[in-house]
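Below is one structure, written out as structure tokens; comments come after it.
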4 protein chains.
Amino acid sequence: MGPGRPRSEKARQAILTAALEELEEHGYAALTMQGIAARAGAGKQTIYRWWPSKADVVLDALVDLAAARITVPDEGSLPADLDAFLAATFRERGQRKILVGLMAEALLDPAFAAAFRERFLFARRAALREILGRAVERGEIADGIDPELLIDVVYGVVWYRLMIGHAPLDEAAGRELTALLLRAVTPR
Amino acid sequence: MGPGRPRSEKARQAILTAALEELEEHGYAALTMQGIAARAGAGKQTIYRWWPSKADVVLDALVDLAAARITVPDEGSLPADLDAFLAATFRERGQRKILVGLMAEALLDPAFAAAFRERFLFARRAALREILGRAVERGEIADGIDPELLIDVVYGVVWYRLMIGHAPLDEAAGRELTALLLRAVTPR
Amino acid sequence: MGPGRPRSEKARQAILTAALEELEEHGYAALTMQGIAARAGAGKQTIYRWWPSKADVVLDALVDLAAARITVPDEGSLPADLDAFLAATFRERGQRKILVGLMAEALLDPAFAAAFRERFLFARRAALREILGRAVERGEIADGIDPELLIDVVYGVVWYRLMIGHAPLDEAAGRELTALLLRAVTPR
Amino acid sequence: MGPGRPRSEKARQAILTAALEELEEHGYAALTMQGIAARAGAGKQTIYRWWPSKADVVLDALVDLAAARITVPDEGSLPADLDAFLAATFRERGQRKILVGLMAEALLDPAFAAAFRERFLFARRAALREILGRAVERGEIADGIDPELLIDVVYGVVWYRLMIGHAPLDEAAGRELTALLLRAVTPR
DNA sequence: CGATAACCGAGACGGTACGTCCTGTCTTTCG
DNA sequence: CGAAAGACAGGACGTACCGTCTCGGTTATCG
């Protein structure tokens, strides 16, 4: 490390925390750099020095939150793994506001969209891909079925319901989706 | 009609057209009421009088555009209907910018989200529901399969790919999705 | 009179009354054509048809109010006339808000300034001029003293105090001013 | 001085200059915050941060302009002092537009009226008061004559003519007014 | 141990869009 | 054709944030 005062870990934490609190209290739409800085007792410059946009702050906060969370179940069979995976996914719905806000930002800002994909979405896809890979090896998935499409179906339904809110995202929904997928992929 | 100058259809058209042009040129994120008003040669007040937000302007423009477009195919069989429906859906992708912008707005603004659901999303779901309803009557869908979940799967995949852009939304994708769904729903 | 519906005297009265009431309640600065029209139950066009600006409405209302008020005292001597004139002038101070508002408008709008001069200010000057004319004939004013300057002194002091509000405009003030003027003009 | 970027003297000057230029070109009535900001190359917020209204901007500009100008003549006699004072006052008539605009604003806005009185009007009165005070000491003013009334007469006539514009404000006018005042105050 | 350098908080800066208000004009229906 | 109603284009308002900048001050490395 060169000379100069090192980055303040205290400021970083204060900013991430402030961002999550502001988001929780007022919603993503009302989130502002000014507001985060004020609540964190930080200067705006300090935020801009380390994050290119407020969405990146929230994404960092989310990644911190969800750091150790992506546990890939390995129950020995596809149905069990899928059920466990979806149940775990739905359990984190305290993050609904965060996820929906970040997706909105990603839809509006291509630069952030790339970061969101790489650091969040694709990490989740990889977990599901691992589950499906094991199922393929076990012969639980018929030939000619593209696992990537299955991933799209799972996350498509999850995100669609998360965003539209017209149907629940609970364990029953998980089981129903698992059942449908099994009918689709099971060799016969 | 009461007294007073009636609403100007010319102004309405100018505003909707201006909104779409601005969106096309600069993207949804850069869309502003000022910009729309200036390009339309309209006063801002005239916009605010009839639409609560810029998103509602764009939604109106979209509904005008897509007015007669929701044609429900009736080819006599589920596979044919699904293929035709998805092909028709994907063909309208000139609307990608519009749809993604409106979804972003819906994620940020609950009031607009309700309008978007009622006037756009649910109308599309209804079309698909009709197709599936006919398939159920024909016995092409096994008992115990909830058509609403199928709708979520179709639009989930469509929206997920529309938003993330990691995979194509073309006729091949449509056929692949159709095939997967048929495997899932066909009685045996 | 030509054909067509004649001007509505009822509307005219409603507008003048509404203008004075709005002025009284919210002050001249907050006076708007919209507000006057709304309170009068009149259309804005009706106001614009007959008055070029809100100031002209208020001026009309003032002239109606003060119509018969300019009574020129004729007590037989300059001191008595002056005292009576000033006392009468000061007595109308319920019009303070109106006068100050109109003067403000006249300072900002040359077109209205002309109307204000002709229809109000110069009418008042004429009254005072008549008093001074009689005093000259009676030999109460020394040669070489320009009555116009005396008028400026009287109305200058009145308006200055009316505007600045640093000193009272009451009968004592009138007597003090009268005394000063007499010392200045009395031949010796 | 506390922390934070200090106020920009350059911006302050640019704003005051822009205000005077706009006023000169388009008149006080057409003066707008937007216009001043645009011409000064400043943000509107920067103006609102330091001045509550456009009138306060112009008042600051005037005070800057007239800073060292209030020179109280001391010629040794009341007639000479008065003549010199009035001549000096009338000589500044390049400020007519400014003064009339500020007075209009003061008539419409009590908050600004207070500032205008304290920072401009009363400062001018004080100068005249000093002249009259010396005259009293010299015995040039008869007992029982209130100097404050004399100040009202002088500034009353000046402002009345400034506003109405029916009579000139030149050296001849000054001499005529001086003569009248002397007749009024000279002991006999 | 002092110079240098990068950080920090604070807050002013030039901008841009917001949503509201009012202006003066226009286009209806009604009497 | 006057009048009430109310929509229209236009433009200023005062506010909120943006992202940048310029302060004084702090905390590290390195000569």
Side-chain angles (χ1 to χ4, degrees), chain A residues 1-8 10-12 14 30-38 40-50 52-54, chain B residues 1-8 10-12 14 30-38 40-50 52-54, chain C residues 2-8 10-12 14-15 30-35 37-38 40-50 52-54, chain D residues 1-12 14 30-38 40-50 52-54:
Chain A
M1 190 178 60
R5 181 176 177 175
R7 175 172 185 181
S8 159
K10 194 174 137 200
R12 179 178 177 277
L31 205 61
T32 68
M33 285 297 214
Q34 310 232 134
I36 296 170
K44 284 201 294 175
Q45 194 70 252
T46 302
I47 306 186
Y48 282 109
R49 189 151 28 223
W50 304 109
S53 77
K54 67 183 178 185
Chain B
M1 192 181 56
R5 183 176 176 173
R7 176 172 183 181
S8 159
K10 196 174 135 198
R12 179 178 176 276
L31 203 60
T32 68
M33 286 298 215
Q34 315 238 125
I36 296 171
K44 285 202 290 175
Q45 190 77 231
T46 301
I47 306 186
Y48 283 109
R49 185 149 35 224
W50 303 110
S53 77
K54 67 184 176 185
Chain C
R5 181 174 174 175
R7 176 172 184 182
S8 159
K10 194 174 135 199
R12 179 176 178 277
I15 289 164
L31 205 61
T32 68
M33 286 296 215
Q34 308 230 132
K44 283 200 295 174
Q45 194 70 252
T46 303
I47 307 185
Y48 282 109
R49 196 161 13 235
W50 304 109
S53 79
K54 66 183 178 185
Chain D
M1 191 182 57
R5 182 175 177 173
R7 176 171 184 181
S8 160
E9 176 57 23
K10 196 175 134 198
R12 180 179 176 276
L31 203 60
T32 68
M33 286 295 216
Q34 317 238 125
I36 296 171
K44 285 201 290 175
Q45 191 76 237
T46 301
I47 306 185
Y48 283 108
R49 186 152 30 226
W50 304 110
S53 76
K54 67 184 177 186

Can you tell me how far [atom2] of [N] sits from [atom1] of [X], to the nearest Å?
{"X": "D:Ile47", "N": "F:dA12", "atom1": "CD1", "atom2": "P", "result": "13 Å"}
{"X": "A:Trp50", "N": "F:dG19", "atom1": "CH2", "atom2": "C1'", "result": "18 Å"}
{"X": "A:Lys10", "N": "E:dG9", "atom1": "NZ", "atom2": "C1'", "result": "11 Å"}

Problem - Whichever of D:Ser8 and A:Ala38 has its nearest DNA chain E nucleotide further upstream toward 5' - result: A:Ala38
Handout entry: Which residue lies more 5' along DNA chain E, comparing D:Pro3 with D:Thr46 via nearest heavy atoms
Key =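 It is D:Pro3, whose closest nucleotide lies nearer the 5' terminus.
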Fill in the blank from the handout: A correct 5'-to-3' footprint of nucleotides 21-26 of chain E, with B, S and - meaning base, sugar-phosphate only and no protein heavy atom under 4.0 Å, is BBBBBB
Results of side-chain contact (heavy atoms from CB on, under 4.5 Å) for [X] - residues two or more places apart only:
{"X": "A:Thr32", "result": "A:Gln34"}
{"X": "B:Ala42", "result": "B:Ile15, B:Ala40"}
{"X": "B:Arg5", "result": "none"}

Practice task
Pick base, sugar-phosphate or nothing for A:Ala42, based on heavy-atom distances below 4.0 Å to the nucleic acid.
Solution key: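 Here A:Ala42 touches the backbone only, sparing every base.
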Exercise for the section: For C:Gly41, report the nucleic acid contact type (base, sugar-phosphate, nothing); a contact means any heavy atom under 4.0 Å. Expected result: sugar-phosphate
Problem - A:Arg7 NZ/CZ over A:Trp50 ring centroid, <6.0 Å and within 45° of normal - result: yes
Exercise for the section: Establish, with yes or no, whether the OP1 or OP2 oxygen of E:dC8 is under 4.0 angstrom from a side-chain nitrogen or oxygen of A:Arg49. Expected result: yes
Completion exercise
Heavy-atom nearest pair, B:Ser8 first then B:Ala11, reads OG-N, 2.9 Å
Practice task
Only counting residues at least two apart or in another chain, list the ones meeting side-chain hydrogen bond (donor to acceptor under 3.5 Å, both in side chains) with B:Ser53.
Solution key: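 With sequence neighbours excluded, B:Ser53 shows a side-chain hydrogen bond (donor to acceptor under 3.5 Å, both in side chains) to B:Asp56, given in chain and number order.
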